[in-house]
Amino acid sequence: IARRFRPGTVIDVGCGRGLLLDGLRKRGWNVIGTELSDEAAEYARDYLHIPMKIGEFHRLDLAPASAHVVIMWQTFEHMREPNAVLKRAHDVLRPGGVAIVSVPNRESWQARFTGPRWHHLDVPHHLHHYGESTLRRMLERQGFRVARAEHFNAEQNPFGWLQSLLN
């Protein structure tokens, strides 16, 4: 993110401990984290002093066209109302803004090969499972233009293969 975009305002939906936001803030970004509960926001808010919004993203008080980047990194599959979340993300992005969405790929070779043993079939934590084609259609329906899709994640792919094979 820091290499591809000039610093602006970034919202990390489901930011967890806030480590990504902390790194971006050190590079000049204005950061906002979101989490579902005060407990989940504690580390980011109380130790890293990241401004936090608590609740479901699509219901939060965020100004329209206020963010340059919205990140949903391995969180979108947990959303109860995914279309409402995408609509809200589109609304809070400035013209030319970017949404970065990372989800386990239901259409991946890993998912196909390991079938019901696929590590990312993490029910009930994962409320939805997406393939690239489904996610692309959902994004486009909410007004996004998909500029790029990548299928390798150095953190998730090797671990997912190993865990799926062990399953």
Side-chain angles (χ1 to χ4, degrees), residues 1-105 108 120 125-128 130 132 134-160:
I1 296 168
R3 284 189 303 240
R4 293 197 51 175
F5 306 106
R6 289 190 171 145
T9 298
V10 59
I11 300 171
D12 190 353
V13 180
C15 72
R17 294 171 47 94
L19 302 178
L20 174 60
L21 291 177
D22 188 47
L24 288 170
R25 181 175 53 188
K26 289 174 182 172
R27 290 173 172 84
W29 288 78
N30 177 40
V31 300
I32 301 168
T34 79
E35 269 300 340
L36 288 175
S37 68
D38 279 327
E39 294 82 15
E42 183 178 358
Y43 187 86
R45 181 189 57 232
D46 298 345
Y47 296 97
L48 297 179
H49 307 290
I50 291 173
M52 296 293 296
K53 300 275 188 176
I54 307 301
E56 293 185 14
F57 175 71
H58 62 287
R59 300 181 192 281
L60 296 175
D61 180 28
L62 295 163
S66 59
H68 297 87
V69 177
V70 172
I71 301 167
M72 289 180 259
W73 195 264
Q74 299 293 316
T75 58
F76 187 65
E77 64 273 17
H78 300 269
M79 304 294 167
R80 290 189 174 102
E81 297 180 58
N83 287 307
V85 168
L86 290 179
K87 180 180 183 325
R88 186 71 172 128
H90 192 270
D91 291 345
V92 301
L93 281 170
R94 293 176 176 220
V98 175
I100 299 171
V101 182
S102 174
V103 296
N105 182 2
S108 70
H120 298 292
H125 301 106
H126 290 180
L127 303 178
H128 306 278
Y130 302 101
E132 179 187 341
T134 300
L135 185 56
R136 182 180 292 270
R137 278 193 308 275
M138 290 174 72
L139 287 160
E140 289 170 348
R141 281 189 200 130
Q142 296 303 328
F144 288 98
R145 180 183 59 81
V146 178
R148 185 170 155 185
E150 294 184 16
H151 297 275
F152 183 77
N153 178 305
E155 177 186 357
Q156 298 291 331
N157 291 107
F159 177 79

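Counting begins at 1 with the first residue of the sequence.
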side-chain hydrogen bond (donor to acceptor under 3.5 Å, both in side chains) partners for [X], two or more places apart:
X	value
Asp22	Arg25, Lys26
Glu132	Arg136, His151
Asn30	Thr9

For residues [X] and [Y], report the shortest heavy-atom separation together with the two atoms involved.
X	Y	result
Cys15	Glu35	N-OE2, 3.4 Å
Gly16	Ala44	O-CB, 3.9 Å
Gly33	Ile50	N-CG2, 4.0 Å
Leu86	Met72	CD2-CE, 4.1 Å
Asp12	Ile71	OD1-O, 3.5 Å
Met138	Tyr130	SD-CE2, 3.4 Å

Could you work out, with ring pair (Phe, Tyr, Trp, His ring centres under 6.0 Å) as the rule, every residue matching Tyr43, not counting sequence neighbours?
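Scan of Tyr43 (ring pair (Phe, Tyr, Trp, His ring centres under 6.0 Å), adjacent residues dropped) gives Tyr47.
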
According to ring pair (Phe, Tyr, Trp, His ring centres under 6.0 Å), who are the partners of Phe57, at least two apart in sequence or on a separate chain?
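Phe57: no ring pair (Phe, Tyr, Trp, His ring centres under 6.0 Å) contacts found.
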
All pairs passing salt bridge (charged side-chain N to carboxylate O under 4.0 Å, His left out) where residues 67-76 contributes a residue, at least two apart:
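Not a single pair qualifies under salt bridge (charged side-chain N to carboxylate O under 4.0 Å, His left out).
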
Where at least one partner belongs to residues 89-99, residue pairs that pass salt bridge (charged side-chain N to carboxylate O under 4.0 Å, His left out), sequence neighbours excluded:
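Every pair satisfying salt bridge (charged side-chain N to carboxylate O under 4.0 Å, His left out) with a residue in residues 89-99: Lys87-Asp91.
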
When you look at Val10 and Ile32, which way does the side chain to side chain contact (heavy atoms under 4.5 Å, CB included) test go after all the steps?
CA-CA 6 Å; Val10 59; Ile32 301 168; over 6 Å; no

Take Leu62 and Lys53 through the side chain to side chain contact (heavy atoms under 4.5 Å, CB included) test and state the conclusion after the steps.
CA-CA 9 Å; Leu62 295 163; Lys53 300 275 188 176; 3.9 Å; yes

For residues [X] and [Y], determine if any side-chain heavy atom of one lies less than 4.5 Å from a side-chain heavy atom of the other.
X	Y	value
Pro82	Glu77	no
Val13	Trp73	no
Leu48	Leu19	yes

Only counting residues at least two apart or in another chain, list the ones meeting side chain to side chain contact (heavy atoms under 4.5 Å, CB included) with [X].
X	answer
Glu81	Glu56, His58, Arg59, Ala84
Asp38	Arg45, Ile54
Arg27	Ala2, Trp29
Ser108	Asn105, Gln110, Ala111, Trp118

About how many Å separate CG of Leu139 and CZ of Phe76, when rounded to the nearest 0.5 Å?
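Separation between the atoms: 7.0 Å.
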
Is the His126 to His78 ring centre distance short of 6.0 Å?
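Yes - the distance between ring centres of His126 and His78 falls below the 6.0 Å cut-off.
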
Please tabulate, for the side chains in residues 141-149, all donor-acceptor contacts under 3.5 angstrom to protein atoms that are two or more places apart in sequence or on a different chain.
from, atom 1, to, atom 2, distance (Å)
Arg148, NE, Glu150, OE2, 2.7
Arg148, NH2, Glu150, OE2, 2.2

For the pair Val98 and Leu93, evaluate side chain to side chain contact (heavy atoms under 4.5 Å, CB included) and give the outcome as yes or no after the intermediate values.
CA-CA 7 Å; Val98 175; Leu93 281 170; 5.8 Å; no

Pair Leu24-Val69, side chain to side chain contact (heavy atoms under 4.5 Å, CB included): steps then yes or no:
CA-CA 11 Å; Leu24 288 170; Val69 177; over 6 Å; no

Between the main-chain N or O of Gly14 and the side-chain N or O of Thr34, is there a donor-acceptor pair closer than 3.5 Å?
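Present.
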
